[in-house]
Structure formats: structure tokens, C-alpha cells
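Contents: one structure, followed by commentary.
The basis for the numbers below is simple: all heavy atoms, side chains too, and nothing from hydrogens, waters or symmetry mates. If you're wondering where the values come from, they're calculated on a predicted model, not measured in any experiment.
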Amino acid sequence: MSMSSPVEAAHVVDACDRNDVYAAACPCREMLDLLANKWTALAIGVLEDGPQRFGELRRQLQGVSPKVLSASLKRMEDAGLVDRTVFAEVPPRVEYALTPLGRGAAAPLAHLRDWVNENVTRH
């Protein structure tokens with residue numbers, strides 16, 4: 001195990017203070033990892049049209065398992081990208097909606113999805 005010098009350690013802290021996604025210890029890498037996940041990018045796209053129930057999301061996100069979608073939505077909620085609202089009904093109704101942070105991520109992800117649709121061909 002190598003030990004970093006105080007100068008190297010200070011550089012990592014300084015980089016993280018500036019939200020340097022290239023710095024190994026920067027917490028913004030967790031958000032980048034989450035946004036780079038295909039199910040996150042696709043779910044944000046679906047949620048741009050407004051709040052959705054779990055089943056609606058699952059139908060639109062063809063190929064996602066309930067377990068993976070549930071885990072993705074939980075990570076998105078923990079990161080502040082979506083709000084989960086439980087309505088006091090029988091049976092309970094749960095809806096997911098983008099937060100302002102999630103709406104901010106929606107535009108660049110839409111550009112990425114558009115680029116993929118326009119530039120990736122089937123072989």
C-alpha cells in the first residue's frame with residue numbers, strides 16, 4: 001500500500017473542493033456514475049413527461065427488471081434526482097417525479113440519447 005505525500009493529499013482535497021470529476025476521491029464521480037447508467041438516463045427521459053408510477057416506468061423502459069428499476073430509482077432518489085411520493089390510498093399509489101436537479105440533468109441526457117439515436121447503427 002503506497003502512502004500519498006501531504007502535497008498529493010492536498011491536491012486531491014483541492015480538486016474535490018472544486019468538484020473535479022477527474023480527481024479520484026471527488027464525490028461528484030458518484031453522480032457521474034449514476035447519470036452514466038443507462039437505466040438512469042432512460043428513466044429521466046421518461047420522467048421528463050411528468051410523474052410516473054413504477055409500472056408505467058417499467059412498461060416504457062423495455063428490458064429492465066423490477067429489481068434493477070427499483071434499485072435505480074432508489075439511487076436516483078438518494079442523489080436528489082427524483083422525488084418519490086406515496087399517496088394514502090388503498091392500495092397505496094407511488095409516483096416518481098424529477099426534482100429540479102433531475103430536470104437539470106434531463107437536457108444533457110436528452111442530447112446524449114438523441115446523439116445515440118442519430119449515430120449508432122445496427123451491424
Quiz prompt | Contact summary for S65 and R58, nearest pair of heavy atoms | solution = C-NE, 4.2 Å

Quiz item: Rounded to the nearest 0.5 Å, what separation is found between the CD atom of E95 and the CG atom of D83?
Solution: 11.5 Å

Self-check item: Residue pairs passing the side chain to side chain donor-acceptor pair (under 3.5 Å) test where at least one lies in residues 101-115, sequence neighbours excluded
Solution: E48-R113

Quiz item: Mind checking whether L57 and F87 sit in one hydrophobic cluster, side chains of I, L, V, M, F, W, Y counted as touching below 4.5 Å?
Solution: no

Self-check item: Residue pair V94 / F54, side-chain heavy-atom distance below 4.5 Å
Solution: no

Quiz item: Got L42 and V64 here, is their nearest side-chain heavy-atom distance under 4.5 Å?
Solution: no

Quiz prompt | Contact summary for C26 and V21, nearest pair of heavy atoms | solution = SG-N, 4.4 Å

Quiz item: Can you tell me how far the CG atom of D78 sits from the CZ atom of R75, to the nearest 0.5 Å?
Solution: 9.0 Å

Exercise. Taking E56 for its side chain and R53 for its backbone only, find out whether a donor-acceptor pair lies under 3.5 Å.
Key: yes

Practice problem: Indicate the atoms forming the closest heavy-atom contact of I44 with G102, along with that distance. | Solution: CG2-O, 4.1 Å

Quiz item: How close do V82 and L47 get, heavy atom to heavy atom, and via which atoms?
Solution: CG1-CD1, 3.7 Å

Quiz item: Distance from L81 atom CG to T99 atom OG1, nearest 0.5 Å?
Solution: 5.5 Å

Quiz prompt | Within 6.0 angstrom of E89 CD, more than 12 heavy atoms from elsewhere | solution = yes

Self-check item: Short N-O contact, D33 and R29, less than 4.0 angstrom
Solution: no

Exercise. Search all heavy atoms of A41 against all heavy atoms of L35 and return the closest pair with its distance.
Key: CB-O, 4.1 Å

Quiz item: Any side-chain heavy atom of M76 within less than 4.5 Å of one from T40?
Solution: yes

